[in-house]
Amino acid sequence: MGTTNRFTRAGEPEDYLAVVDQIRCIPRVRPRSRFRIKVAIITALGLTPRVAGVERTENRRVAYGTTFRRLAVVSISLVLSVVLFMGLSILAQGSNPGDALYFVKRAGEKMQLAFTWNPVEKAEKSLDFADRRLTELNQMVASKNIDPDNIAYLSEECERHQQAASSYAADVADDGKSATLNTHIKEIDRQKSSIKEKIVSTAGASGILEPAFGAAITVKDFSGNAYPGGSDSVSGRTDREGRFAFQVSAPDGLDPATLQTVIELDGRREVAPLVASDGRGSTEDGSYQIAIENPGTLVPLNQDVQYEAALASTAVMPVAGRTIHVKDLTSSSCINGVPSGATIRTDSEGKCSFTVKKNSEGKVSVITMVLDDGQKRDLGEVLRLGTVSRIGGSANAWGMTDSAFTLESNPPLESIKAGKTKVTLTLRKKYQKLTDYID
Amino acid sequence: MSKDPEVVLKGLVERAKGGDRVAYGNIFRLCYKDMYDYVYRRVGNVSDAEDISMQVFVQGLQAIGSYQERGLSVKAWLFRIAHNAVVDFLRRRKAPLEDLDQIAETKVLSRAEDGCDIEERVAFMESMGQLYKEIASLPAAQSEVLILRFIEDMNVAETASILGKKGSTVRALQFKGIRNLRLKLGEADTAAEAQRSAAGSNDHDL
């Protein structure tokens, strides 16, 4: 008598169970490596794949004319094709995946391999082609063009050439040449690991990160010259792609430095300038420059944050013992505990320090410096500081001292001219951990 | 310290429902290989299976916010999306399944038992290929149930949800499918035995 189990009813005969056991032995079909790589990249980087039409174009049969015409057409086509191919091959050498002539480049490589018979030369050619795929991958990463389909294709092609080279190298009798080939094969492995790390870090650096879906966002202008959403501020939530669109009206053109955002997501509230400061200032005549070390854009509320600055001069002016007045134009912070600003002095190397304590989060602080060397010389704006605070019971990325988000504007804010412009901000999270892109 | 996979998956689902695309991506990565196997068996073509799998990824991403675990695991939920995508695809294609031998034999060799020699692997491959051919030649409803239940390891409730049928219907289809398969395999064995006997008697005559 059969036993009751998850799959059968009580009393099933043994041959029924035997069939079930056989079915369960059928191994699963494994996706090909190129597809696995593509899925790994897309899922690890939070991308949305291009979904090709599932329907395939059916083969179409073209009717030719008489036999003679058919032969003539084929002959002329062949000759033209060879001439065209030779010309295109020369043009195609520098092409990359996605370029119109890339298929010509690949076809040329296949022909070269087909007309090589010596195993050493075959192995060397295969390694050369693997190197080319690695070069193309490096170029793609360097141009920050992280396209999953192309990366998957190039990775697989590099792997295929490398394996072909290994196979040819196994047939090489000369130990010296065999050792050289194997060294080259190992070098390719090392370069593949290096590219993998570059892809992950470049993807992080270039902003291909988790979109910040559902963030509450407010864009505000303090100049009085721009009207986001038709007034001095506009609010909303980001969509699944992390986008927030609004219209900005700027009769005299837009100064992005006067805009700030308030972003709330994952227990974190950031009031930040839309355009960060680079922490540098200089006098109008260029005689003095000042640089703030690690300027950042965010500080916690009601806490002293220390900044180190270095004064330099290209005009061989003394930088030691100079007096600098530091002030927040928006009066939303204290400098060295003083609401109206503080005076600091450079040391023998031109270095100085000061503290900023933001006591109001409503406005981004605009910290300026004025040098006094007998004359008052304006060094300009050196810091633009917002605040970060915790909201709700928990907060992701709480340890981050700088903004937890990247923000891109389309069109770029600096390019917005006078009049009305639709702006789309795309917000992404910097704190999502990217997992390894290969299973 | 490793976490219980169920707990990990539950955490990923919560994050994915909140809009975390990387969490959804991790869920998909955990499930897609089995789902791909099912899709490939139904459509019979690598490129189409890959396209449909990507389609399932996108549809799942758009719908994960409304996923509710009411006796249906997230994996089974993805399978349901995949099944519907396959049905649409086959309806549009209106063509029979492609080479069953290709489906049966592709990648089977890589999954043959370790330690088997080549002859055993080939014999295993051939027998699995033949078995799958017989399954695929059953009525569609029966072969779908057998594939989901015994190759993809879905339980009755999950299989019923994926196929949009009742649990009792799934049980009935499962029973009929195995019965028919048993008959087909029996016929195949008989035919093979007759061939061997004929070959044996020819040798004897020589």
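Chain identifiers are assigned alphabetically (A, B, ...) following the order of the sequence lines, protein sequences preceding nucleic acid strands; residue numbering begins at 1 within each chain. Just so it is clear, the structure is predicted and the values come from calculations on it, not from any experiment.
Rounded to the nearest 0.5 Å, atoms CD1 (Ile42(A)) and CG (Leu61(B)) are 11.0 Å apart. Considering CD of Gln22(A) and CD of Glu134(B), their distance stands at 11.0 Å, rounded to 0.5 Å.
Taking the salt bridge (charged side-chain N to carboxylate O under 4.0 Å, His left out) definition, one finds that Lys75(B) meets it with Asp34(B), sequence neighbours left out.
Counting heavy atoms from C-beta outward, Val20(A) and Arg149(B) have side chains that stay 4.5 Å or more apart.
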Working for side chain to side chain contact (heavy atoms under 4.5 Å, CB included), residues Glu50(B) and Lys38(A): CA-CA 10 Å; Glu50(B) 290 176 356; Lys38(A) 178 175 176 176; over 6 Å; no
message: Please determine whether side chain to side chain contact (heavy atoms under 4.5 Å, CB included) holds for the pair Arg24(A) and Asp153(B), giving the CA-CA distance in whole Å, both sets of side-chain angles, and the decisive distance to 0.1 Å.
response: CA-CA 9 Å; Arg24(A) 291 175 72 71; Asp153(B) 278 340; 3.0 Å; yes
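The backbone N or O of Ala40(A) lies less than 3.5 Å from no partner atom in the side chain of Arg29(B), so there is not a single donor-acceptor pair.
Of the charged side-chain nitrogens involved, none lies within less than 4.0 Å of a carboxylate oxygen, so that Asp37(B) and Arg30(A) do not count as a salt-bridged pair.
Across every non-hydrogen atom of Arg28(A) and Arg41(B), the tightest pair is CA-NH2, 3.9 Å.
Contact of Ile135(B) with chain A is made through the side chain alone, with heavy-atom distances under 4.5 Å. Residue contact with chain A, scored on non-hydrogen atoms closer than 4.5 Å, involves the side chain of Leu181(B) exclusively.
Between Phe150(B) and the choices Asp21(A), Ile23(A), Ile26(A), the side chain to side chain contact (heavy atoms under 4.5 Å, CB included) rule is met once, by Ile23(A).
Using cut-offs of 30° and 60° for the angle between ring planes, the Phe35(A) and Tyr32(B) rings count as perpendicular.
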